[in-house]
**Q** 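The structure that follows is given in the form of structure tokens.
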Protein chains: 4
Amino acid sequence: MAPKVGHNSQAGGVAAGQLKAFVERIERLEEEKKVIADDIKEVYAEAKGNGFDTKILKKAVALRKKDPAEREEEETILQLYLQALGMLPQEEDDI
Amino acid sequence: MAPKVGHNSQAGGVAAGQLKAFVERIERLEEEKKVIADDIKEVYAEAKGNGFDTKILKKAVALRKKDPAEREEEETILQLYLQALGMLPQEEDDI
Amino acid sequence: MAPKVGHNSQAGGVAAGQLKAFVERIERLEEEKKVIADDIKEVYAEAKGNGFDTKILKKAVALRKKDPAEREEEETILQLYLQALGMLPQEEDDI
Amino acid sequence: MAPKVGHNSQAGGVAAGQLKAFVERIERLEEEKKVIADDIKEVYAEAKGNGFDTKILKKAVALRKKDPAEREEEETILQLYLQALGMLPQEEDDI
DNA sequence: GACTCTCCCAATGTAC
DNA sequence: GTACATTGGGAGAGTC
């Protein structure tokens, strides 16, 4: 007789039915995700069509996600580093 | 007199209202996307909890997206290369 | 009196000299890295010019890095999954 | 008689010797690249040990690569956007 | 109290 | 050149 395996058999030790279920859930979700990703692209394209700079727009969106305090902190340190590296117009009050 | 700017003024040349609208649409969509991405992670975690190997599961999902013919083709060429590099158990019909 | 700062002064609390040294070391190394990365691209291009498939060649190189045993293991599990998903030509010994 | 193939035989249509040569060149270069990448990490680690903020240090290094004029331009536009989004301390001269 | 282990983010590398 | 996916590193929590 052939191996007695049901529709949820574990042929080779793998629960095929369960695996399929997982894979299908993942695929469904990934599809949804792709739709949304495309929507986002569309918005950027539309913004671009209205004269906005996509690259910088993305930066602005990214900055919005950050905690303002933390952002401030980082910016301050960055300015210090840039200054130390001579990458900023010299400090006027030191002249 | 202060610059005469309306609610959709272009202070500094930027249409603030329009920009905000774009940014908010993007943020809303990104939120949705994040929710789904989290859902996907959950499914993988659940699969892992059921004994499946996450990394390999991802590979399987990726393979499913590919055209079978193309996949076959690639696999064939890869086997050729691996053989040429001596990375395969020797060809039996050559022994 | 003005702050007494030497050539390694910590204007703003940052040791400028030290920072510059770090940055310059990093930049030098990144340059070297870029040169090598370009060399690698050239080799792939040359291989392509000799009829090899770049994409698959990269896969072969990647596989070479892996421990053979581990690779075998992963491949085995993947096959199990693919079989459970009905993505493999049917098992002959089950027919 | 066995297939008459020389040391550079094209068993299966693949020039094994040539392929090996390419792969070995690539691997050698990738090794070198890895060494340098590790060196870079070390420098960052050392900088961190000296009190520098790695994340921001990376930003500074990245900024250095950019053309100053372009950088300035981008920064200006970004500020416009942030202002339009109300993410900047309000313009004093407008109060 | 330290150490491991896991989870998350960032960064690199790859595919389109 | 851009966008995705994967990998590696860092941080944080739980355990011994």
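Labels below follow one simple rule: chain letters A, B, ... track the order of the sequence lines, proteins then strands, and each chain is numbered from 1.
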**Q** Closest to the B/A62 side chain: F/dA5, E/dC7, F/dT6?
**A** F/dT6

**Q** To the nearest Å, give me how far apart CG (C/L57) and C1' (E/dT14) are.
**A** 14 Å

**Q** Return the value, rounded to whole Å, for the distance between atom CD1 of B/I40 and atom P of E/dC7.
**A** 18 Å

**Q** Examine the side chains of D/Q79 and D/Q83 and answer whether a donor and an acceptor come within less than 3.5 Å of each other.
**A** no

**Q** Under 4.0 angstrom, heavy atoms only, what part of the nucleic acid is C/K33 near: base, sugar-phosphate, or nothing?
**A** nothing

**Q** So, applying salt bridge (charged side-chain N to carboxylate O under 4.0 Å, His left out) with A/E30, which one of B/K33, B/K65, B/K41 is it?
**A** B/K65

**Q** With heavy atoms under 4.0 Å as the rule, sort D/K41 into base, sugar-phosphate or nothing.
**A** sugar-phosphate

**Q** Give one of base, sugar-phosphate or nothing for C/K59, where a contact means two heavy atoms less than 4.0 Å apart.
**A** nothing

**Q** Would you kindly give the CD1-to-P distance between A/I36 and F/dC4, to the nearest whole Å?
**A** 13 Å

**Q** Reading DNA chain E from 5' onward, which residue's closest nucleotide shows up sooner: B/E70 or D/K55?
**A** D/K55

**Q** Rounding to a whole Å, what distance do you find between D/L29:CG and E/dG13:C1'?
**A** 17 Å

**Q** What's the spacing between C/I36 CD1 and D/I36 CD1 if we round to 0.5 Å?
**A** 3.5 Å

**Q** Expressed in angstrom and rounded to an integer, what is the separation of A/D39 atom CG from F/dA3 atom C1'?
**A** 16 Å

**Q** Using atom CD of B/E42 as one end and atom C1' of E/dC8 as the other, report the distance to the nearest whole Å.
**A** 15 Å

**Q** Starting at OH of C/Y44 and ending at P of E/dG13, how long is that distance when rounded to a whole Å?
**A** 12 Å

**Q** Does E/dG13 have OP1 or OP2 under 4.0 Å away from a side-chain N or O of C/K58?
**A** no

**Q** Return the value, rounded to whole Å, for the distance between atom NZ of D/K34 and atom C1' of F/dT7.
**A** 12 Å

**Q** Let me check something: any side-chain donor-acceptor pairs from residues 22-29 of chain D under 3.5 Å, sequence neighbours excluded? List them with distances.
**A**
| from | atom 1 | to | atom 2 | distance (Å) |
| --- | --- | --- | --- | --- |
| D/R25 | NH1 | C/E46 | OE1 | 3.2 |
| D/R25 | NH2 | C/E46 | OE1 | 3.2 |
| D/E27 | OE1 | C/R64 | NH1 | 2.8 |
| D/E27 | OE2 | C/R64 | NH1 | 3.1 |

**Q** Taking atom NZ of D/K55 and atom CD of A/E74, what is their separation to the nearest 0.5 Å?
**A** 4.0 Å

